[in-house]
Amino acid sequence: MNDKPVRVRFAPSPTGPLHIGGVRTALYNYLFARKHGGTFILRIEDTDQNRFVPGAEEYIIEAFNWCGIDFDEGVTKGGDYGPYRQSERKEMYRQYAEQLIQSGHAYYAFDTPEELNRIRKQFEEEKKTFTYDTVQRKQLRNSLTLSEQEVTELLHNDTPYVIRFKMPEERTVVMNDEIRGRVEVNTKVLDDKILFKSDGMPTYHLANIADDHLMKVTHVIRGEEWLPSLPLHVLLYEAFGWEAPVFAHLPLLLKPDGKGKLSKRDGDRLGFPVFPLQWTDPKSGEVSRGYREDGYFPEAFINMLALLGWNPGDEREFFTLEELSEAFSLDKVSKSGARFDQDKAKWFNHHYLVGKNNEELAELFRPVLEEKNIDAGQKDIPYIVGLVKERVNFVSELWEQSCFFFSAPESYDPKTVKKRWKTNSFDQMTELKEVLAQIDDFTSENTEQTVKAWIEKNEYGMGAVMNAFRLLIVGAAKGPHLFDIIAVIGKEETLARIDRGLEILGKKETV
RNA sequence: GCACCGUUCGUCUAGCCAGGUCAGGACGCCAGGUUUUCAUCCUGGUAACACGGGUUCAAAUCCCGUACGGUGUACCA
């Protein structure tokens with residue numbers, strides 16, 4: 001560690017929508033920055049022009065907006081270390097690559113992709129794997145094997161070339177990862193990675209090291225898939241004579257079943273989103289669902305995601321972003337991959353939904369009503385939502401639990417009819433209707449008191465009466481306190497529903 | 001193939017670094033309770049140290065090996 005002000009970055013490639021694994025990486029970076037009063041940078045790594053997808057960068061920014069993750073520096077935000085889009089930094093990378101050639105840490109290579117592919121194929125046929133390593137580079141066309149004159153000539157003729165890192169032949173690189181501890185690897189199993197491409201752009205390896213250094217990044221927190229590249233990166237810092245940042249490699253997010261990392265396919269197959277926001281592929285028009293569109297609250301999404309691979313060290317489960325920022329620490333990040341669990345995600349959403357106040361929920365529910373062309377009239381939507389919110393995980397499920405407040409049942413659930421509509425139900429309900437008709441003050445408390453007194457007086461049995469009554473009002477065995485429901489729909493509607501139910505269900509004959 | 005990383009209830013995980021708790025919590029599931037239904041809620045239950053060696057009085061914890069899994073091995077990031 002060091003005592004410099006903490007600066008971390010999230011550096012996505014704009015090749016499509018941001019996977020939730022990427023969101024988590026960004027989240028951990030953000031939390032780390034907040035925890036240490038540092039700076040969180042958003043840098044766009046668009047050095048591969050072939051994979052650029054329009055809209056991806058905007059998507060990433062919108063996703064962070066939705067999540068509540070805000071960055072301090074970066075694209076659209078600015079800062080003292082810009083530009084923050086690597087394509088706009090293009091000109092500065094060449095000098096770094098050439099600096100490495102000057103210092104003997106890199107070299108020009110003139111092998112064409114076609115040539116290399118041919119060699120790879122050959123090796124494959126012999127059941128070997130080709131790598132451009134310390135051995136193979138001696139037989140290939142590069143500034144290590146060619147004479148100085150030949151190289152100069154090739155360069156002058158504008159022969160396409162790449163710049164490769166000259167991997168030390170045999171050296172043990174000792175690295176430290178904040179999450180995994182000490183990691184060692186020998187350079188003889190590593191290859192001469194391309195640092196600078198023939199199209200004039202750097203590869204990730206060069207660009208990421210140069211930018212992290214230039215942007216004074218102190219901690220690199222990224223996915224585990226980068227761990228195998230760590231030796232290269234450490235060696236690059238060394239070759240440049242720069243101080244390397246602290247590294248932390250996060251565990252992967254795994255698919256809920258089977259083996260392997262979570263992919264978009266898993267989401268489609270198992271029916272859950274893999275992306276924070278819905279995404280429409282600009283080429284194929286294919287639509288991928290998002291957490292936002294599926295009805296998750298950002299705070300539930302973030303809470304769920306934060307706990308996938310990290311824990312607070314105590315038994316707390318619920319965290320706001322602020323609380324996470326306070327509690328977060330890299331040494332509580334686990335080493336092994338975490339499986340995504342949809343049930344837990346829903347449970348978190350339920351928790352946050354119940355925690356919202358009724359007015360807020362009502363506002364979210366209103367569009368659902370409008371979509372169904374429901375005229376709520378004078379009804380107190382917040383009150384209704386409050387009665388049913390504990391029964392749902394999502395706002396979209398509110399209708400299913402409250403539709404009977406707005407319209408009479410269109411049908412009667414057969415199962416419930418079978419179970420609750422007994423031989424004497426018709427007579428009892430007919431009688432109940434008369435009892436209710438006498439009540440002028442149709443409040444929940446008043447109707448309940450009156451009806452219960454009537455039941456007791458006639459010794460009808462609470463269960464029998466109430467269940468049949470519920471069937472007539474709701475149409476099924478669901479819903480909150482029945483007297484609350486009839487108070488909302490009113491006396492007239494209550495009596496009408498009883499009439500209609502009596503007519504449709506009729507008198508059940510004794511068997 | 002080679003390299004690196006990993007492996008505690010079905011799932012997320014605590015405990016491991018500084019060996020000695022009936023291996024703790026949460027989701028799920030099951031049962032009971034509350035209730036006019038369903039759901040919520042409450043109570044209880046179910047269920048795990050991958051395997052094999054070692055070190056030690058004592059190992060989930062330290063060491064080695066095996067198995068399994070993951071990632072990487074592109075002029076992708």
Side-chain angles (χ1 to χ4, degrees), chain A residues 11-15 45-48 50-51 109 111-113 116-117 120 127-133 160-164 175 177 179-181 183-186 188-191 193-199 201-205 207-208 222-231 249 251-252 254 256-257 259-261 304 307-317 331-332 334-348 350 354 388-392 401 416 419-420 448 451-452 455 461-471 474 476-483:
Chain A
S13 189
T15 53
E45 308 228 326
D46 55 350
T47 52
D48 186 353
N50 301 319
R51 295 210 309 161
D111 321 273
T112 65
L116 292 174
N117 279 336
R120 276 203 187 88
K127 294 213 162 187
K128 289 190 288 186
T129 308
F130 170 81
T131 51
Y132 208 115
D133 59 15
Y161 66 88
V162 299
I163 295 174
R164 285 182 182 269
M175 301 154 285
D177 180 276
I179 294 168
R180 284 149 224 286
V183 177
E184 282 184 17
V185 68
N186 194 295
K188 68 183 172 192
V189 300
L190 270 18
D191 60 345
K193 279 275 176 288
I194 291 174
L195 302 177
F196 197 82
K197 301 185 273 187
S198 58
D199 67 357
M201 281 291 235
T203 60
Y204 170 84
H205 302 296
N208 134 75
R222 77 229 296 198
E224 191 184 356
E225 67 270 24
W226 291 110
L227 198 49
S229 307
L230 183 56
H249 291 88
L252 263 21
L254 272 22
D257 59 344
K259 306 291 182 188
K261 64 175 177 181
M304 175 273 297
L307 260 20
L308 235 39
W310 171 84
N311 77 84
D314 54 39
E315 284 171 1
R316 284 180 293 167
E317 298 268 9
D331 54 49
K332 300 303 285 180
S334 37
K335 296 183 176 73
S336 49
R339 256 173 234 277
F340 171 79
D341 182 359
Q342 196 179 5
D343 283 328
K344 200 133 186 185
K346 287 181 180 172
W347 174 74
F348 272 117
H350 175 258
V354 171
V388 301
K389 66 179 180 181
E390 293 198 334
R391 325 166 84 85
V392 302
Q401 291 301 327
T416 312
K419 193 174 174 190
R420 305 296 191 190
E448 177 167 5
V451 170
K452 282 187 172 171
I455 291 172
M462 186 75 87
V465 173
M466 291 308 295
N467 284 308
F469 188 19
R470 178 177 293 277
L471 177 62
V474 174
K478 66 176 183 185
H481 194 58
L482 231 202
F483 295 103

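Naming convention: chains lettered A, B, ... in sequence-line order (proteins, then strands); numbering from 1 in each chain. In what follows, every heavy atom counts, from backbone to side chain, and hydrogens, waters and symmetry copies are set aside.
Checked for salt-bridge contact, A:Asp48 and A:Arg51 meet the test: a charged N lies under 4.0 Å from a carboxylate O.
Here A:Thr15 lies out of heavy-atom contact (under 4.0 Å) with every strand. Counting non-hydrogen atoms under 4.0 angstrom, A:Arg51 reaches a base of the nucleic acid. Residue-level contact check: A:Ser198 touches the bases, meaning some heavy atom is under 4.0 Å from a base atom.
For A:Ser13, whose side chain is taken as the heavy atoms from C-beta onward, the closest listed nucleotide among B:rG25, B:rC27, B:rA77 is B:rA77. Among B:rA74, B:rU37, B:rG6, the nucleotide with an atom closest to any side-chain atom of A:Asn467 is B:rU37.
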Polar pairs (N or O, both sides) under 3.5 Å between protein and nucleotides 67-72 of chain B?
none

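Residue A:Arg339 has no polar side-chain atom (N or O) positioned under 4.0 Å from OP1 or OP2 of B:rG6. Contact annotation: A:Thr129 does not reach the phosphate of B:rG1 (side-chain N/O to OP1 or OP2, under 4.0 Å).
Comparing B:rU7 with B:rG44, their P atoms are spaced 32 Å from each other, to the whole Å. Atom name C1', nucleotides B:rC9 and B:rG28: the rounded distance is 12 Å, in whole Å.
Under the rule for a salt bridge (Lys or Arg N to Asp or Glu O under 4.0 Å), A:Asp331 has no partner lying at least two apart in sequence or in another chain.
A:Val162 and A:Ser198 make their closest contact through CG1-N, 3.8 Å (heavy atoms, listed as atom of the first residue, atom of the second, distance).
Pair assignment for B:rG20: B:rC57, on the basis of Watson-Crick or G-U wobble contacts that are both within less than 3.5 Å.
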